[in-house]
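Notes follow once the structure below has been shown.
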Amino acid sequence: MPPADSDQVLVEANGVTRTLVLNRPKQLNALSSEMITCFLRCFTAYEEDDGVKLLIVKGKGRAFCAGGDVAAVVRSINNDSWKYGAHFFRNEFLLNYIIATYSKPQVSLLTGIVMGGGAGVSIHGRFRVVTDSTVFAMPETALGLFPDIGASYFLSRLPGFYGEYVGLTGVRLDAAEMLACGLATHFVSSDRLSLLEESLKKVDTSDPFAICGIIDQYSQQPSLKEKSALNRLEIINKCFSKKTVEEIIASLEQEAPNVADEWIASAIQSMRKASPTSMKISLRSIREGRTQTVGECLRREYRMVCHVMRGDFSRDFFEGCRAILLDRDRNPKWMPPRLEEVHDEVVEKYFSKVDDPEWEDLDLPPRRSHGRRLVPKL
């Protein structure tokens, strides 16, 4: 028997296909603790069930999923304790790991907004179908957080230093850019998406090549817009390969006068507005991710996020959520306010174990696979 629906996640059964629908359209399907638990139950049950061969994941309404419900996390930490936040992220990261190492194909239909936690439940899966309305971003540094949910694994595997660019600036990518850099596997235009879905509901196979063949019948190759930063990968690699955030910004500022591109100016502006502490831990996280498995990335990110929740070295996360999600004055007061005041020894501490007798590292179950490869189409 499949797990019962919570009203926040709808489960549809068609033959051997199960469709999980994120169902909080008013909140742009932001992932609640309840949704994460429901997903964990479903993924675990379906992996064992021979009667299930394919999973489809989609969002109800105009967004796929705008991220984890961090406003709820912050409220509960303020009212109760940082341990609620730790519990939320522990379950979320466990779900990301199960998806990344899943033995059956998952097709995510990415309509509308895909950000943060929404990327966590889709990008780690085998097939990521984007469409005309898709907008992707990892906007965490503007919130005083860092790209988590295993993002240090997939961002570090994008072409060149494009992952550093995407993770540090929070830039929004369209469907063509997602496909070109490997975040998406297919582009299907909005008017053919329901036809694809109907075809997938009729399959009787777990063979990824067969599933890919079905998606291929509906997919197209969109072209990059002229002004896309992916057309300037040379400059991105030159600037974002620098060792420190300060050097990256200085290098972009040096390039800016020679290149009449909007993206450089907006990259500099985003990085100057973001939390200096977040910028530094994010860069280090993506760099470390390059040589780590998805499990190692999630384990490290869990340490980092627990330090963030506890406010051990900075309370920027609470200030960012206040300014952007709660009071919405969009004017966060970061502490420390400048990059040069965030010292290496503080950055280092985010990567250490949490000093609390009740705290433990993220415990991930043994799995057969070590995570997917991203294949850029550049």
What is the minimum heavy-atom distance between [X] and [Y], and which atoms define it?
X: Tyr97; Y: Gly295; value: CE1-CA, 3.7 Å
X: Asp363; Y: Arg90; value: N-NH1, 4.0 Å
X: Ala180; Y: Leu224; value: CB-CD2, 4.2 Å

With no hydrogens and no angle check, do the side chains of [X] and [Y] hold a donor and an acceptor under 3.5 Å apart?
X: Ser190; Y: Thr131; value: yes
X: Ser282; Y: Glu140; value: no
X: Tyr350; Y: Thr277; value: no

With a cut-off of 6.0 Å (strictly less than), are more than 12 heavy atoms of other residues, nucleotides or ligands near [atom1] of [X]?
X: Glu247; atom1: CD; result: yes
X: Glu340; atom1: CD; result: yes
X: Asn258; atom1: CG; result: yes
X: Lys201; atom1: NZ; result: yes
X: Asp50; atom1: CG; result: no
X: Gln254; atom1: CD; result: no

Inset, instruction - Report the C-alpha distance between Arg284 and Glu288 in whole Å, list the side-chain angles of each, state the deciding distance to 0.1 Å, and finish with yes or no for salt bridge (Lys or Arg N to Asp or Glu O under 4.0 Å). - result: CA-CA 6 Å; Arg284 160 114 183 233; Glu288 288 204 358; 2.8 Å; yes
Inset, instruction - For side-chain hydrogen bond (donor to acceptor under 3.5 Å, both in side chains), just list the numbers for Arg300 and Ser285, CA-CA rounded to whole Å, side-chain angles, deciding distance to a tenth of an Å, and then say yes or no. - result: CA-CA 8 Å; Arg300 171 176 46 69; Ser285 177; 2.7 Å; yes
Legend entry - Cation-pi geometry met for Arg18 and Phe39 (6.0 Å, 45°): no
Inset, instruction - Identify whether NZ of Lys or CZ of Arg in Arg322 sits under 6.0 Å from the centre of the six-membered ring of Phe318 and within 45° of that ring's axis. - result: no
[X] side-chain N/O to [Y] backbone N/O, donor-acceptor pair under 3.5 Å:
X: Tyr218; Y: Glu197; value: no
X: His124; Y: Ile149; value: yes
X: Glu319; Y: Pro332; value: no
X: Arg128; Y: Leu183; value: yes
X: Asn29; Y: Ala66; value: no

Under-4.0 Å salt bridge between [X] and [Y]:
X: Arg232; Y: Glu255; result: no
X: Arg290; Y: Glu164; result: yes
X: Glu34; Y: Arg24; result: no
X: Glu177; Y: Lys225; result: no
X: Lys83; Y: Glu358; result: yes
X: Glu246; Y: Lys280; result: yes

Inset, instruction - May I ask you to decide if the ring planes of Phe93 and Phe89 are parallel, tilted or perpendicular, using 30° and 60° as cut-offs? - result: perpendicular
Out of curiosity, does [Y] fall in the hydrophobic cluster containing [X] (side-chain heavy atoms, cut-off under 4.5 Å, transitive links)?
X: Leu109; Y: Met115; result: no
X: Val135; Y: Val188; result: no
X: Val245; Y: Val171; result: yes
X: Leu168; Y: Phe351; result: yes
X: Ile281; Y: Phe154; result: yes

Inset, instruction - Go through the steps for Thr141 and Met271 under the test side-chain contact (heavy atoms from CB on, under 4.5 Å), then give the verdict. - result: CA-CA 8 Å; Thr141 56; Met271 291 169 77; over 6 Å; no
Inset, instruction - Report the C-alpha separation of Arg157 and Tyr153 in whole Å, then their side-chain angles, then the decisive distance to 0.1 Å, and conclude whether the side-chain contact (heavy atoms from CB on, under 4.5 Å) test is met. - result: CA-CA 7 Å; Arg157 281 156 179 78; Tyr153 180 77; 3.3 Å; yes
